[in-house]
Number of protein chains: 2
Amino acid sequence: MALILYELAAADPAVRFSPHCWKTRMALAHKQLRAECRPWRFTDREAIAFSGQGKVPVLVDDGQAVHDSWRIAQHLEARYPDRPPLFLEKAPMPLANFVNAWADRALLPAIARIILLDIHACLDPVDQAYFRTSREQAFGKPLEAVVADQAAHLRALKQALAPLRQILQARAFVDGDAPAYADYCVFGMFMWARCVSATPLLEPEDPIHAWRERLLDAHDGLARSAPTAAG
Amino acid sequence: MALILYELAAADPAVRFSPHCWKTRMALAHKQLRAECRPWRFTDREAIAFSGQGKVPVLVDDGQAVHDSWRIAQHLEARYPDRPPLFLEKAPMPLANFVNAWADRALLPAIARIILLDIHACLDPVDQAYFRTSREQAFGKPLEAVVADQAAHLRALKQALAPLRQILQARAFVDGDAPAYADYCVFGMFMWARCVSATPLLEPEDPIHAWRERLLDAHDGLARSAPTAAG
């Protein structure tokens with residue numbers, strides 16, 4: 001089997017910071033699969049045109065292109081059933097899908113308001129204009145204005161994390177005693193921040209902090225050893 | 001088997017509005033179990049002192065008292081394994097627990113800011129002083145000030161519901177093609193509002209609206225036919 005993963009890269013191509021690509025990278029490690037991870041830039045539409053769309057992650061598995069991190073996870077689970085399971089539920093994994101939707105719709109915007117300018121700073125110059133234009137359009141104001149009130153955004157993030165905090169007071173991982181894909185969906189958001197920003201998002205006494213430490217160590221420290229733009 | 005459920009009641013004892021009691025009421029219906037539902041008031045600590053704590057729901061199942069809606073659901077699942085399953089995951093149902101935590105920590109406070117004064121209005125006079133004091137302490141301001149900016153609270157609720165909306169764009173229920181306990185955890189919040197308030201929380205074109213209609217009709221319209229203080 002030959003696996004190729006296209007991942008969003010910063011100016012330094014070793015820095016791979018996309019939260020969705022991190023979901024996929026952790027899922028591959030969980031399945032004990034090795035992929036050739038290729039750097040990709042926002043503006044490089046041609047390189048993944050074969051997938052029929054313009055966003056990463058894109059996984060190519062023995063010539064078959066799969067895009068969208070959720071669909072990639074389902075593909076891996078179906079194609080490699082003898083490897084450790086990513087889902088403890090049966091298909092279509094509705095509750096893991098809810099956790100993923102929560103990560104994307106509640107957590108991602110809350111973290112974005114803290115790290116948007118850090119992302120911009122680490123991008124390759126060819127991506128910076130695209131990133132600024134598209135994000136300023138989405139937020140309706142300059143990046144500098146979005147991130148201006150960092151203290152308020154950190155308080156809002158702490159509040160948004162309340163459901164996760166409650167869960168992790170009672171057990172080690174979102175999906176129980178061991179991590180599974182629901183954990184990676186949430187962890188991807190924290191890796192995104194870790195790769196580009198030096199701002200601490202969690203207080204050391206927060207149970208979410210200990211959970212993040214456990215996942216940084218998982219799969220032989222794959223995530224902890226990943227290059228970051230923050231240095 | 002003899003089942004007794006203690007439920008929070010309004011001044012009109014037929015109005016049972018607690019979101020957590022609604023989780024349990026729907027869970028009992030799902031399990032095709034009939035309970036004697038007894039009205040209980042916030043200040044009536046003695047009536048449930050036998051449970052070793054002071055909050056409802058309390059279920060008494062053949063003399064055994066179980067409190068806390070999550071623990072009641074787990075009790076029902078373990079004790080009545082031949083009835084329709086509340087959980088499609090295996091114990092300890094970690095992802096359904098996440099959905100429950102999200103409903104309690106993200107949705108409940110967002111709805112509370114809209115309906116707090118409506119709750120106060122429908123309570124029995126013996127409960128009103130307790131309710132006002134405890135909630136004003138929790139929110140740090142008068143009830144009237146909490147609910148003052150309703151338009152902003154409705155916008156915040158719409159935003160908080162984004163993960164649920166994404167899920168329900170792709171399928172009929174949170175837990176897949178049919179409702180299960182994760183659905184009831186979220187639905188309980190909407191029943192709470194329905195029982196006490198005339199304020200519309202959802203726009204008719206929102207996929208969450210259609211999901212709520214489906215659950216109002218579930219179990220022979222159990223929830224739709226429940227008495228409300230709003231009339």
Side-chain angles (χ1 to χ4, degrees), chain A residues 68-71 74 85-110 112-113 139 156-187 189 207-208 211, chain B residues 68-71 74 85-110 112-113 139 156-187 189 207-208 211:
Chain A
D68 179 280
S69 58
W70 181 258
R71 292 181 59 235
Q74 300 227 338
L86 285 169
F87 297 94
L88 309 184
E89 297 175 286
K90 293 217 160 78
M93 303 96 177
L95 298 183
N97 198 2
F98 182 89
V99 176
N100 187 47
W102 175 78
D104 289 358
R105 299 296 181 126
L107 209 48
L108 186 146
R113 288 183 176 84
F139 282 92
L157 174 64
K158 188 172 180 179
Q159 181 61 36
L161 286 167
L164 181 65
R165 188 171 298 115
Q166 178 174 320
I167 287 301
L168 294 174
Q169 271 157 358
R171 56 178 183 270
F173 294 98
V174 175
D175 220 344
D177 294 332
Y181 193 65
D183 287 273
Y184 306 141
C185 290
V186 182
F187 180 67
M189 304 297 136
I208 301 170
W211 163 85
Chain B
D68 181 278
S69 59
W70 181 258
R71 292 181 58 236
Q74 301 228 337
L86 285 168
F87 297 93
L88 309 184
E89 298 174 286
K90 294 216 160 79
M93 300 93 179
L95 298 184
N97 198 3
F98 182 90
V99 176
N100 188 47
W102 175 77
D104 289 358
R105 299 298 180 124
L107 209 47
L108 187 146
R113 287 184 177 85
F139 282 92
L157 173 63
K158 188 173 179 178
Q159 181 60 38
L161 287 167
L164 181 65
R165 188 171 299 115
Q166 178 174 320
I167 288 303
L168 294 174
Q169 271 157 359
R171 55 178 183 269
F173 295 98
V174 175
D175 219 345
D177 294 333
Y181 193 65
D183 288 273
Y184 306 142
C185 290
V186 183
F187 181 67
M189 304 296 136
I208 302 171
W211 163 86

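Residue numbering restarts at 1 for every chain, and letters A, B, ... go by the order of the sequence lines.
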What's the shortest heavy-atom distance between A:A101 and B:P163, and which atoms?
-> CB-O, 3.7 Å
Using heavy atoms and a sub-4.5 Å threshold, report which of residues 173-183 of chain B line up against chain A, by residue number.
-> B:V174, B:D175, B:G176, B:A182
Shortest non-hydrogen separation from B:R105 to A:Q159 and the atoms involved = O-NE2, 4.1 Å
So, the side chain of A:R171 versus the backbone of B:P94: is there a donor-acceptor pair under 3.5 Å, distance only?
-> yes
Residue pairs meeting side chain to side chain donor-acceptor pair (under 3.5 Å), one or both in residues 86-99 of chain B, sequence neighbours left out, come to none
Would you please name every residue forming a salt bridge (charged side-chain N to carboxylate O under 4.0 Å, His left out) with A:R165, sequence neighbours left out?
-> A:D206
Sorted by chain and residue number, the side-chain contact (heavy atoms from CB on, under 4.5 Å) partners of B:D68 (sequence neighbours excluded) come out as B:W70, B:R71
B:M93 side, atom CE; A:L95 side, atom CG - distance, nearest 0.5 Å = 11.5 Å
